[in-house]
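Just so we're clear, the structure is a prediction, and the values are computed from it rather than from any experiment. Position 1 is the first residue of the sequence; numbering continues from there. Only this structure's heavy atoms are used, side chains among them; waters, hydrogens and symmetry mates stay out.
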Amino acid sequence: MAQLLRRQLENYIDTPKDTIMRACLQNITAKQDKEAFIDLDRRLEHLYRARIANDSKLLTSGFQHFCSNKHSAYGTPGGTMSAHGSQGHEVLTQAEIAAQEDEFLDALHHTVINANFEMLSEAEYIDACNGEFALNLTLEPKENELDQALLKRFFARKLQEDDPVTASAASVNKHVLVYHRGIGTETMSGFFVLEKLDFISKRLIEKLSSFLAFFMGFLMLWKLFQSNNDSASDSRSPSPNQRRASWPTANTHEISRTSLENLLRHNFWGALFAKNDLHEPTFKEIIIVYRLFSDLANTKQGTLPHIRIKSFKDIPMADFEVILPAHKPKRGAFDSLNIILAILISAASIAYQIAELWAEENETQASPELEFAEILEKVYPVLVVTATYLAKIIVQLQTQQATYTQLITTFLYERAMDSGDGVRCRLVESTVMQEVKECLLAYYTLWTESLQGVQAMKAKELDNYVEHFLSDLGETLDFEVDDALQKLVNDSLVTVDAVENQASCIPIDAAVARLEAHWNEFFVNPDQPCPFCPYTAHV
C-alpha cells in the first residue's frame with residue numbers, strides 16, 4: 001500500500017535550457033523572429049554569466065581558503081611572503097576568523113538559494129527518518145564530533161533577519177546544513193528476505209516487550225503507552241482521505257512511497273512470500289555543509305579552519321541519513337533478537353541444570369545443601385557452550401558492522417557529485433542556468449503574446465502560462481514570476497504597471513540592443529567592476 005507524502009512545489013527548473021529553447025522555437029513561425037530570439041538567448045546567458053561570475057568573487061575566495069588546504073586569510077589574494085620567499089600566514093584573531101566564517105557562510109547560503117535549492121524542512125526530515133529503503137539501516141549520530149558553533153551563529157543571524165528559508169529548517173540543520181532541490185523516484189524489486197526477517201524480528205521484540213510488561217504488572221501503563229504511540233502513528237500516517245482533507249491545495253503536490261514495512265503491515269502473508277516492488281521519492285541533488293571538531297584541532301593558530309561542503313545526487317528520502325557525517329550504523333532488530341534469544345536460552349539451560357541438580361540432592365538427602373563446586377561442575381559445560389555462542393554472535397555483529405560500513409561507503413561513492421571547490425563551480429553554473437531560464441521564459445511569454453495582440457499580462461496570468469508551458473515538457477513547479485519580472489525590469493526589458501499589476505515587454509530587436517548596451521557597461525563604465533580582471537584597476 002502506497003503512502004502519500006505532500007510537498008510544496010519547488011521553484012527549481014530541471015528542464016535543460018536547450019529543451020526549453022527548442023520548444024520555444026517550435027512555436028515561433030517567422031525565421032527572422034527565430035533568429036532574433038536565439039540572439040536574445042545568447043546575449044542574456046553571457047550577460048548573466050558575467051554578472052554572476054563577478055558577484056561570486058567573495059564566494060570563490062572563501063572556497064579557496066575554507067575548503068582547501070590553504071590557510072591564508074580570507075579575502076586576500078595569497079597571504080604574505082616570508083623573508084625566505086615562502087608564503088607565510090596572516091595571524092588572525094578569533095573575532096576576525098568568526099567574522100570571515102560568517103561572511104563566507106552567508107555568501108554560500110545566498111548562492112545556494114539563488115540556484116533554487118531549499119533548506120531541509122522538519123516535515124521532510126521526519127518523513128525521511130520514518131522510512132526504510134535500499135540500505136535498511138538505522139544510524140545513530142555522534143554529535144560530539146560536529147562543531148555546532150559555526151551554524152549556531154548562522155541561525156542566530158538568520159533569525160534576526162527574519163529569513164523565511166531558515167524559519168522551518170529541520171533540527172538536523174543545527175549540526176549539518178542540508179540543502180536539496182528536485183524530487184525524483186527510485187524503484188527496487190525483489191524478495192527482500194533479510195529485510196523481511198528484520199521486520200519479523202522487530203515485531204517479535206515488540207511482542208516480547210509487551211508480554212514482559214504484562215508479566216511485571218504494568219499492563220495498564222503499557223496499554224496507555226501503546227495507545228499514545230498508535231495515535232502518534234496515526235497522525236503521521238493517516239488514511240489518504242484524511243491526509244487530503246488537511247492538505248493545502250495551492251502550490252503543493254503529492255509523491256508516492258511504497259515501503260516494505262507498509263506492505264507487510266497491510267498484507268503480511270501476501271507480501272511475505274511474494275516479489276515486492278518498492279518506490280521511494282529521492283532528492284535529486286543535496287548539498288551538506290558541516291565542520292568536524294578534528295578540523296579545528298588540525299588548524300594552526302590564527303588561520304582559517306576547514307569547512308566541509310559536499311554534494312550528492314539521487315538520494316532516496318528514506319536513506320537520507322546515510323549522507324550525514326559522524327553517523328554510525330546501529331544494531332538491527334534481527335541482531336538484537338539473536339542476542340536476546342541466546343541470553344534467554346543460556347539462562348534457561350543454566351536454571352534447568354541447577355534445578356536438576358537440586359532435585360537429585362533432594363532425593364538423596366532430607367535437607368539438601370548444594371555446594372558451589374557441585375553447581376559449577378554441573379553447569380560448567382553449559383557456561384562454556386554459552387560463552388562460545390555469545391563470542392560467535394559478537395564476532396558476527398562486528399562483521400555485520402563492517403559490512404554496513406562498506407555498504408554505506410559504496411552507496412556514497414556511487415552517488416557523490418562534488419566536494420569543496422567543485423561544489424562552487426556547479427553552484428555558479430546552476431545559478432546562471434536558473435536565472436537565464438526564468439527570464440527567458442518570462443520574456444518569451446510576454447513577447448509571443450504581444451505578437452498575438454496582447455500587449456500586457458497580469459503577473460498571475462504570466463505565472464500560469466509559464467507553468468502550463470513547462471507542464472507540457474513534463475515538469476511541475478511553482479514558477480517564480482515576481483523574481484523573473486524583477487530581473488527583466490532591472491535590465492529595462494520589461495515594464496510593470498504597478499496600478500494594474502500588468503507587465504509588458506519591449507520589442508525583441510530593442511531587447512537585443514539593450515542587452516548589448518548592458519554588456520558594454522562592463523568595459524566602458526568606470527564604476528562597473530570588470531568581470532574578467534577583478535584585480536586590474538580601470539583607467
Participant: Looking at Ser61 and Lys57, would you say the former's side chain and the latter's main chain have a donor-acceptor pair under 3.5 Å?
Facilitator: no
Participant: Counting only N and O atoms by type, is there a donor-acceptor contact under 3.5 Å from the side chain of Gln434 to the main-chain atoms of Ala115?
Facilitator: no
Participant: Please report the interatomic distance OG1(Thr476) to CD1(Ile183), rounded to the nearest 0.5 Å.
Facilitator: 12.5 Å
Participant: Counting C-beta onward and ignoring hydrogens, is there a side-chain heavy-atom pair between Glu285 and Phe117 closer than 4.5 Å?
Facilitator: yes
Participant: How many angstroms lie between atom OH of Tyr443 and atom CG of Asp41, to the nearest 0.5 angstrom?
Facilitator: 12.5 Å
Participant: Is Glu475 reaching over with its side chain to a backbone N or O of Thr15, donor-acceptor style, under 3.5 angstrom?
Facilitator: yes
Participant: Taking atom types as modelled, is there a side-chain donor on Tyr48 or Asp491 under 3.5 Å from an acceptor on the other?
Facilitator: yes
Participant: Can we say Asp483 and Lys487 salt-bridge, meaning some charged N sits less than 4.0 Å from an Asp/Glu carboxylate O?
Facilitator: yes
Participant: Count the heavy atoms belonging to other residues, nucleotides or ligands that lie under 6.0 Å from NZ of Lys34, then report whether that count exceeds 12.
Facilitator: yes
Participant: Would you mind telling me which of Asp102, Thr166, Asp163 makes a side-chain hydrogen bond (donor to acceptor under 3.5 Å, both in side chains) with Arg157?
Facilitator: Asp102
Participant: Determine, for Asp127 against Arg257, whether the closest basic-nitrogen to carboxylate-oxygen distance falls under 4.0 angstrom.
Facilitator: no
Participant: Would you check if Ile309 and Phe66 make a side-chain contact, meaning some heavy-atom pair closer than 4.5 Å?
Facilitator: no
Participant: Leu440 versus Phe37: any side-chain heavy-atom pair under 4.5 Å?
Facilitator: yes
Participant: Any side-chain donor paired with an acceptor under 3.5 Å for Gln486 and Asn490?
Facilitator: yes
Participant: For the aromatic rings, using the six-membered ring if either is Trp, is the centroid distance between Phe104 and Phe63 under 6.0 Å?
Facilitator: yes
Participant: Show, in sequence, the C-alpha distance, side-chain angles and deciding distance for Glu435 and Arg51, and conclude whether the salt bridge (Lys or Arg N to Asp or Glu O under 4.0 Å) test is met.
Facilitator: CA-CA 11 Å; Glu435 296 202 354; Arg51 284 177 177 171; over 6 Å; no
Participant: What I want to find out is whether Arg415 reaches Glu186 closely enough, with some N-O distance under 4.0 Å, to be called a salt bridge.
Facilitator: yes
Participant: Between Val466 and Val481, does the side-chain contact (heavy atoms from CB on, under 4.5 Å) criterion hold? Intermediate values first, please.
Facilitator: CA-CA 9 Å; Val466 174; Val481 62; over 6 Å; no
Participant: Just by modelled atom types, is the His468 backbone N or O under 3.5 Å from a matching donor or acceptor in the Ser471 side chain?
Facilitator: yes
Participant: Of all the heavy-atom pairs spanning Phe312 and Met417, show the shortest one and how long it is.
Facilitator: O-SD, 3.3 Å
Participant: Starting from the C-alpha separation in whole Å, work towards a yes-or-no answer on side-chain contact (heavy atoms from CB on, under 4.5 Å) for Phe283 and Asp319.
Facilitator: CA-CA 10 Å; Phe283 297 117; Asp319 296 330; over 6 Å; no
Participant: Apply side-chain contact (heavy atoms from CB on, under 4.5 Å) to the pair Leu446 and Glu449, showing each step before the final yes or no.
Facilitator: CA-CA 5 Å; Leu446 293 173; Glu449 289 298 301; 6.0 Å; no
Participant: Less than 4.5 Å apart, any side-chain heavy atom of Met188 and any of Glu280?
Facilitator: no
Participant: Looking at every heavy atom in both Val423 and Ser311, which two are closest together, and how far apart are they?
Facilitator: CG2-OG, 4.0 Å
Participant: Is Asp39 salt-bridged to Arg42, going by a charged N under 4.0 Å from an acidic O?
Facilitator: no
Participant: Do Pro305 and Asp295 have side chains that approach each other closer than 4.5 Å (heavy atoms only, starting at C-beta)?
Facilitator: no
Participant: Does this structure show an ion pair linking Lys458 with Asp463, if we count only N-O contacts that are shorter than 4.0 Å?
Facilitator: no
Participant: Is the closest basic N to carboxylate O distance between Glu161 and Lys158 below 4.0 Å?
Facilitator: yes
Participant: Determine whether Lys313 and Glu414 make a side-chain contact, defined as any pair of heavy atoms from C-beta on separated by less than 4.5 Å.
Facilitator: no
Participant: With no hydrogens and no angle check, do the side chains of Thr495 and Ser504 hold a donor and an acceptor under 3.5 Å apart?
Facilitator: yes
Participant: Counting only N and O atoms by type, is there a donor-acceptor contact under 3.5 Å from the side chain of Arg181 to the main-chain atoms of Lys284?
Facilitator: no
Participant: Evaluate salt bridge (Lys or Arg N to Asp or Glu O under 4.0 Å) for Arg6 paired with Glu254, printing each intermediate quantity in order.
Facilitator: CA-CA 4 Å; Arg6 174 60 65 173; Glu254 56 186 75; 3.4 Å; yes
Participant: Would you check if Leu177 and Leu108 make a side-chain contact, meaning some heavy-atom pair closer than 4.5 Å?
Facilitator: no
Participant: Any donor and acceptor pair, going by atom type alone, linking the side chain of Gln3 with main-chain N or O of Asn262 inside 3.5 Å?
Facilitator: no
Participant: Is a side-chain N or O of His327 found less than 3.5 angstrom from the main chain of Pro325, in a donor-acceptor match?
Facilitator: yes
Participant: Between Thr448 and Tyr444, is there a donor-acceptor pair closer than 3.5 Å when you use the side chain of the first and the backbone of the second?
Facilitator: yes
Participant: From Leu25 CG over to Ile20 CD1, what is the distance, rounded to the nearest 0.5 angstrom?
Facilitator: 12.0 Å
Participant: Check whether the side chains of His110 and Asn114 place a donor and an acceptor atom closer than 3.5 Å, and report yes or no.
Facilitator: yes
Participant: Is the shortest side-chain heavy-atom distance between Leu488 and Cys439 below 4.5 Å?
Facilitator: yes
Participant: Please evaluate residues Glu101 and Arg153 with respect to the criterion salt bridge (Lys or Arg N to Asp or Glu O under 4.0 Å), reporting the C-alpha separation (whole Å), side-chain torsions for both, the decisive distance (0.1 Å), and the verdict.
Facilitator: CA-CA 10 Å; Glu101 289 175 344; Arg153 297 197 310 269; 2.7 Å; yes
Participant: Other residues, nucleotides and ligands only: do more than 12 of their heavy atoms fall within 6.0 Å of NZ on Lys17?
Facilitator: yes
Participant: With ring centroids as reference points, do His180 and Phe320 lie under 6.0 angstrom apart?
Facilitator: no
Participant: Taking Asn11's backbone N and O only, do any of them form a donor-acceptor pair with Asn116's side chain (distance below 3.5 Å, no angle check)?
Facilitator: yes
Participant: With distance as the sole criterion, is a donor-acceptor pair present between the side chains of His65 and Gln100 under 3.5 Å?
Facilitator: no
Participant: With rounding to the nearest 0.5 angstrom, report the CE to CD1 distance, Met317 to Ile255.
Facilitator: 4.5 Å
Participant: Examine distances only and state if a side-chain atom of Asp277 and a backbone atom of Ser189 form a donor-acceptor pair shorter than 3.5 Å.
Facilitator: no
